[in-house]
4 protein chains.
Amino acid sequence: MQVITHFVMTEKQEKILHSALELFAKEGYTATSTSKVAKHAGVSEGLIFRHFGSKEGLLDAILKEGEEQAKLLFASIVFETDPRLVIAKTIDMIESLGKSKEGFEFWKLQYKIKWETEKYSEQKMEALHMSLSNAFNKLGYETPDLEATFLLITMDGIATRLCLQESFQVESMITFLRRKYRV
Amino acid sequence: MQVITHFVMTEKQEKILHSALELFAKEGYTATSTSKVAKHAGVSEGLIFRHFGSKEGLLDAILKEGEEQAKLLFASIVFETDPRLVIAKTIDMIESLGKSKEGFEFWKLQYKIKWETEKYSEQKMEALHMSLSNAFNKLGYETPDLEATFLLITMDGIATRLCLQESFQVESMITFLRRKYRV
Amino acid sequence: MQVITHFVMTEKQEKILHSALELFAKEGYTATSTSKVAKHAGVSEGLIFRHFGSKEGLLDAILKEGEEQAKLLFASIVFETDPRLVIAKTIDMIESLGKSKEGFEFWKLQYKIKWETEKYSEQKMEALHMSLSNAFNKLGYETPDLEATFLLITMDGIATRLCLQESFQVESMITFLRRKYRV
Amino acid sequence: MQVITHFVMTEKQEKILHSALELFAKEGYTATSTSKVAKHAGVSEGLIFRHFGSKEGLLDAILKEGEEQAKLLFASIVFETDPRLVIAKTIDMIESLGKSKEGFEFWKLQYKIKWETEKYSEQKMEALHMSLSNAFNKLGYETPDLEATFLLITMDGIATRLCLQESFQVESMITFLRRKYRV
DNA sequence: TATGAATGAGGCTTCATTCAT
DNA sequence: CATGAATGAAGCCTCATTCAT
């Protein structure tokens with residue numbers, strides 16, 4: 001397998017990556033042709049294959065970059081020691097999901113890809129799950145593990161609505177969650 | 001109420017429909033070719049087009065049948081007057097989602113399609129949402145409308161896990177929900 | 001080969017024939033599908049094959065009926081003895097071509113078919129050619145045979161314009177011909 | 001006058017164009033499949049679509065090239081001042097129609113297309129018509145406009161015969177025309 | 001590094017025709 | 001006589017990928 005070094009990436013390589021992210025997120029992976037990506041990125045179709053080997057390789061590169069971002073995003077939660085703050089920051093993360101355009105697209109892609117490829121990357125979430133479970137435990141919840149799972153499931157549900165239901169209003173739901181968990 | 005006309009379907013027509021449901025749910029709509037559907041159903045590819053007009057027509061037929069089933073499924077909840085039972089039956093519904101193979105595939109398709117076509121059919125859920133909101137109100141919840149939305153969002157999250165995370169155990173989550181809502 | 005008896009033709013058979021004539025003339029033989037013909041005629045697709053054997057058989061039936069009509073049309077010219085009247089009637093025939101809708105469509109089909117199938121039915125015209133040649137001879141033209149061919153070629157040209165050039169005005173051309181041949 | 005940009009065409013692009021011209025002229029546009037064209041040109045079917053977008057695009061390319069050729073062909077007639085030569089050259093053009101294989105096929109296609117698409121391109125002929133009308137006027141013909149139309153109609157008729165009637169002998173008809181117009 | 005011509009497999013769809021009813 | 005379900009071949013077109021330049 002090809003190692004993607006994040007340090008050496010030409011301008012065109014990045015254009016391809018971002019175009020692919022945008023198009024895969026908008027139209028889906030299968031429905032987006034490499035020629036569409038090339039056109040959108042303003043490069044030749046061949047270049048995609050020179051840099052990423054195959055269409056799937058391009059997808060992998062996007063997902064890998066995504067994992068890096070996810071790690072960064074989770075880091076400040078995972079290393080938090082105050083249980084109340086762990087929960088608060090998790091909810092903050094959900095809230096921020098709908099704010100930056102790039103971030104939103106990135107998450108939308110993650111979910112779309114999951115549904116297209118049938119692979120829910122459980123490891124990525126594992127660290128977060130443990131932190132939450134630990135936090136709920138400290139706070140004296142009866143079944144902390146289930147509580148953690150439940151909150152993460154809620155996250156999935158909200159992400160689903162955010163991405164698919166135009167009329168969905170996150171804010172009130174976020175407020176609702178904060179009151180519910182008293183954070 | 002509306003009278004539902006059940007058109008007489010030939011045996012092969014039904015084979016096509018069920019094969020398509022299975023394959024669309026497994027591989028996704030775009031990634032499933034009509035020839036694959038035909039082969040799986042044991043019919044000629046042309047027959048799909050004689051009966052359903054186009055690949056999209058086939059999808060529509062599946063979704064339409066799905067809406068009928070959803071209506072039937074929701075009916076027993078919507079007409080329930082005991083608020084506790086409304087919630088209990090909603091949770092039962094989530095539970096039963098993972099049990100029958102056909103039912104599971106049908107719901108999986110619904111979600112996959114949502115993500116592929118970007119259309120969350122809000123109307124379908126509207127009746128359920130109102131019933132739940134009403135139930136939470138009767139039970140004295142502070143923000144019944146948000147509670148209803150929250151439960152439905154949880155449903156979306158559980159469905160996501162059920163479909164995408166092989167290791168997911170519904171039962172414990174169902175028990176958790178029942179305890180949480182005291183039903 | 002199948003003999004088409006003109007005496008026993010069911011109502012549906014005739015509907016098929018006329019629909020085919022209309023559609024072949026409008027869209028062309030190759031571009032008109034048997035299913036389109038069936039729909040237009042209000043019969044099942046199978047019936048076309050029961051009655052005419054194949055799509056080509058249907059075409060043959062139309063062309064055969066056409067030849068009958070052509071014979072009838074040419075009869076009054078061929079049996080005319082006055083040379084001036086032979087020419088006059090030929091020109092009259094051209095004039096009448098643009099008048100009745102059915103007749104017009106019939107001729108249009110004849111030409112379209114010729115161009116699609118590459119078969120100019122020379123025999124059909126042979127009798128007419130001889131009558132004209134004979135007439136020009138009696139009238140003392142130098143090269144009666146070429147004169148006859150020339151007039152028939154003019155007919156082809158006018159038919160082409162009539163069928164293809166919307167703005168074409170036959171009348172002035174007819175008058176022109178009558179003056180030219182003094183008939 | 002308009003500057004004609006000749007796009008650089010790859011060898012295969014030209015092979016496709018010529019094969020299509022030949023086959024469309026022989027079998028008709030609708031009846032000629034793109035796969036037949038590809039096979040005849042010795043290229044992959046996909047290449048047709050890369051270069052011409054669609055089957056219709058291929059046809060358009062042929063017709064466009066045809067119009068350029070027609071303009072060139074008509075130029076020497078239209079800029080002729082001697083009325084007798086205008087007519088002579090028009091008749092020469094008809095004569096030459098049957099001589100070069102490429103030229104013949106090109107005109108045959110023009111006519112076949114006209115009959116398949118029902119569009120007689122009147123503009124293309126307009127310049128020629130005016131030149132002829134003017135020439136007949138100078139030569140003292142009574143109805144020069146009708147004479148011009150008549151000659152062009154004769155051209156259509158001869159083209160019809162040339163393309164459709166195997167036994168047709170142009171030469172004698174050309175001689176006949178030359179004598180008739182004294183050119 | 002970058003292009004874009006070229007390909008072969010496969011996608012959706014239509015077609016003429018057959019056959020059981 | 002008449003229907004319409006069913007088929008297999010073919011039609012137009014798009015796709016991911018390769019390769020010479």
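- The 5' end of DNA chain F is approached more closely, in terms of each residue's nearest nucleotide, by Ser33(D) than by the other of Tyr29(A) and Ser33(D).
- The two residues Ile62(B) and Ala20(B) have their closest heavy-atom pair at CD1-CB, 3.6 Å.
- Ring pair Tyr111(C)/Trp115(D) is parallel by interplanar angle, where below 30° counts as parallel and above 60° as perpendicular.
- DNA chain F is contacted by Arg50(B), His51(B) of residues 50-66 of chain B, taking any non-hydrogen atom closer than 4.0 Å.
- Place Thr34(D) and Lys12(C) on DNA chain F by their nearest nucleotides, and Lys12(C) ends up nearer the 5' end.
- The separation between Phe24(A) atom CZ and dC15(F) atom C1' is 13 Å, rounded to whole Å.
- The side chain to side chain donor-acceptor pair (under 3.5 Å) test with Gln110(B) is passed by exactly one of Glu67(B), Lys124(B), Glu105(B): Lys124(B).
- Residues from residues 35-48 of chain D that place a heavy atom under 4.0 Å from any atom of DNA chain F, listed by number: Ser35(D), Glu45(D), Gly46(D).
- Lys12(C) contributes no side-chain N or O that, together with a main-chain N or O of Leu47(C), makes up a donor-acceptor pair within less than 3.5 Å.
- Not one N or O on the side chain of Gln13(A) forms a donor-acceptor pair closer than 3.5 Å with the backbone of His51(A).
- Applying side chain to side chain donor-acceptor pair (under 3.5 Å) to Thr34(D) and the options Glu45(D), Lys55(D), Lys39(D) leaves one that passes, Glu45(D).
- Within 6.0 Å of NZ on Lys36(D) lie more than 12 heavy atoms contributed by other residues, nucleotides or ligands.
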message: Under the criterion side chain to side chain contact (heavy atoms under 4.5 Å, CB included), I'd like the reasoning laid out for Thr32(D) against Lys26(D): C-alpha separation, chi angles, the key distance, then a yes or no.
response: CA-CA 9 Å; Thr32(D) 303; Lys26(D) 206 194 298 169; over 6 Å; no
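- Scanning both residues, Ser19(C) and His40(C), for their nearest heavy atoms gives OG-ND1, 2.9 Å.
- The two residues Leu58(D) and Val37(D) have their closest heavy-atom pair at CD2-CG1, 4.4 Å.
- Residue Thr30(B) is classed as having no contact, given no heavy-atom separation below 4.0 Å to the nucleic acid.
- Using Watson-Crick or G-U wobble geometry with both donor-acceptor distances under 3.5 Å, dA20(F) finds its partner in dT3(E).
- Atom CE of Met9(C) and atom P of dA2(F) are 13 Å apart (whole Å).
- Within 6.0 Å of CD on Glu56(A) lie no more than 12 heavy atoms contributed by other residues, nucleotides or ligands.
- When DNA chain E is scanned in the 5' to 3' direction for atoms under 4.0 Å from non-hydrogen atoms of chain D, the outermost contacting nucleotides are dG4(E) to dT7(E).
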